[in-house]
Amino acid sequence: AAVRDVVYVYPDGRKALDGVSFHVGEEERVALVGPNGAGKSTLLWVLSGLLPPTSGEVRWRGRTLDEAGRRSLRARVGLVFQDPDDQLFSPTVWEDVAFGPLQAGLPDAEVSRRVDAALVKVGMSHVRDRPPHHLSQGEKKRVAVATVLAMEPELWLLDEPTAGLDPRARRQLVALLRELHGAQVVATHDLRLVAELCSRAVVLDGGRVVAEGPARTLLRDAELLNRHGLEPWPPPEEVP
Ligand code: ADP
C-alpha cells in the first residue's frame, strides 16, 4: 500500500494526519510507532478504507482508493482492533469468525472451511461454541485475529496487538502474527514487538512521519525514540 500526502481532519476540526506518506510492500511487516495521539489509529482506519482521507491518496496494488476502490479494498484489508471487545459481538466464537465471510456472500461450505481453518490456525477450535465475552484477553485477541484471517486479507492492520496481554499470551500472539501471510502494518508503542516482528518502522508524531527506516536502526536511536515519547528496546541496562 502506498499513502501519499494524506491529511485527515476529524469532524470537530482536529487534524489527526498532517501530510503522511509511506509505503508497505506486499509481504512486508511495517511498524507504525509513536506516542499516544500521534495519529496511528487514524492512519490504520484510513488504510482500511473505513475513513476517507480529507486529502491525499491511498493506493493498494497500484489502484487508487476512490469510493468504489475503498469498497473492494475493505474485503482485502483486515483491521484488528486494539480492544477485541469492539470486534467480537456474536453469541459464539464460531459465529463471530463466520460473520465476515457470510457478509461477503461466500457459499456456506466455503464459510465453514474458512472458519474452521482460521480457528485451527489461532489455536481456538476448542472454544468455537463459547461466547467470546467469556474468554481471557489473550484468547479474545486470537479470536479477533481469526475473524480477520477468515477473510484471507492481503493487508493486515493491527492496532496495539500486544496491549493488555500477559507474557505467555503475548508470546503466542507474536508467534501467530509471524506466521500470517500478507503485508502487515502494526501500530504500537511496544518497541519489543517492533524488534520481534517488523523489518521496517515509521515514526509518527503530531500526525506527521518524523522518521522512517530499518527497524533495527531506528530501535537503536535512543535520542530519536525519547524525543517521540518511546522507550528504547532492549532497555538500557538497569542501575542496581
Ligand atoms: P494514536 O493512535 O497514535 O494514539 P489517534 O489516531 O487515536 O492517535 O489520534 C490522533 C489525534 O486525533 C489525537 O489528537 C486524537 O485526540 C484525535 N482524535 C482521535 N479520534 C478522534 C475523533 N473521533 N474525533 C476527534 N478527534 C479524534
Side-chain angles (χ1 to χ4, degrees), residues 1-24 28-58 60 65 70 73-74 77-87 89 137 140-141 144-145 148 153 155-165 170 173-174 177 183-198 200-213 215 218-219 221-233:
V3 173
R4 194 165 312 134
D5 297 327
V6 163
V7 172
Y8 186 80
V9 182
Y10 278 103
D12 68 357
R14 177 170 288 275
K15 194 186 268 185
L17 300 176
D18 189 10
V20 170
S21 300
F22 80 102
H23 72 278
V24 189
E28 194 181 26
R29 290 194 288 254
V30 179
L32 203 57
V33 299
N36 289 332
K40 302 182 298 294
S41 302
T42 306
L43 184 52
L44 291 188
W45 281 73
V46 167
L47 277 167
S48 76
L50 291 167
L51 284 184
T54 307
S55 65
E57 193 181 56
V58 180
W60 176 242
L65 298 182
R70 270 197 300 280
L73 177 83
R74 280 202 285 269
V77 175
L79 177 60
V80 180
F81 296 108
Q82 174 169 353
D83 184 352
D85 289 327
D86 292 337
Q87 198 136 24
F89 45 78
Q137 190 69 9
K140 283 182 188 173
K141 206 77 179 202
V145 169
V148 173
L155 173 62
W156 288 79
L157 307 171
L158 299 130
D159 199 350
E160 292 291 358
T162 53
L165 299 186
R170 184 187 183 290
L173 188 80
V174 173
L177 297 182
Q184 294 180 13
V185 178
V186 185
T188 187
H189 42 235
D190 176 357
L191 295 190
R192 179 177 169 193
L193 176 67
V194 178
E196 290 170 341
L197 192 64
C198 301
R200 208 150 55 78
V202 174
V203 184
L204 203 64
D205 201 354
R208 291 169 181 268
V209 173
V210 293
E212 180 173 7
L218 290 195
L219 290 173
D221 192 342
E223 204 230 326
L224 170 82
L225 299 175
N226 282 324
R227 213 174 330 130
H228 299 290
L230 297 162
E231 294 272 313
W233 178 265

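Count residues from 1 along the sequence. All ligand and atom numbering here is 1-based and tracks the order in the structure.
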Looking at Lys141 and Gln82, would you say the former's side chain and the latter's main chain have a donor-acceptor pair under 3.5 Å? yes
Indicate yes or no for a side-chain donor-acceptor contact from Lys40 to the backbone of Gly34 under 3.5 Å, with no hydrogens or angles considered. yes
Is it true that, when you exclude Arg14 itself, more than 12 heavy atoms of the residues, nucleotides or ligands shown sit nearer than 6.0 Å to its CZ? no
So if I only count non-hydrogen atoms and take anything under 4.0 Å from ligand 1, which residues does that give, chain by chain? Tyr10, Asp12, Arg14, Ala16, Pro35, Asn36, Gly37, Ala38, Gly39, Lys40, Ser41, Thr42
Can you confirm whether Val33 sits close enough to Leu204 that some side-chain heavy atom of one is under 4.5 Å from a side-chain heavy atom of the other? no
Hits for side chain to side chain donor-acceptor pair (under 3.5 Å) against Glu28, two or more places apart or cross-chain, chain-then-number order -> Arg200
Measure across Lys15 and Val9 and return the closest heavy-atom pair with its distance rounded to 0.1 Å. CG-CG2, 4.0 Å
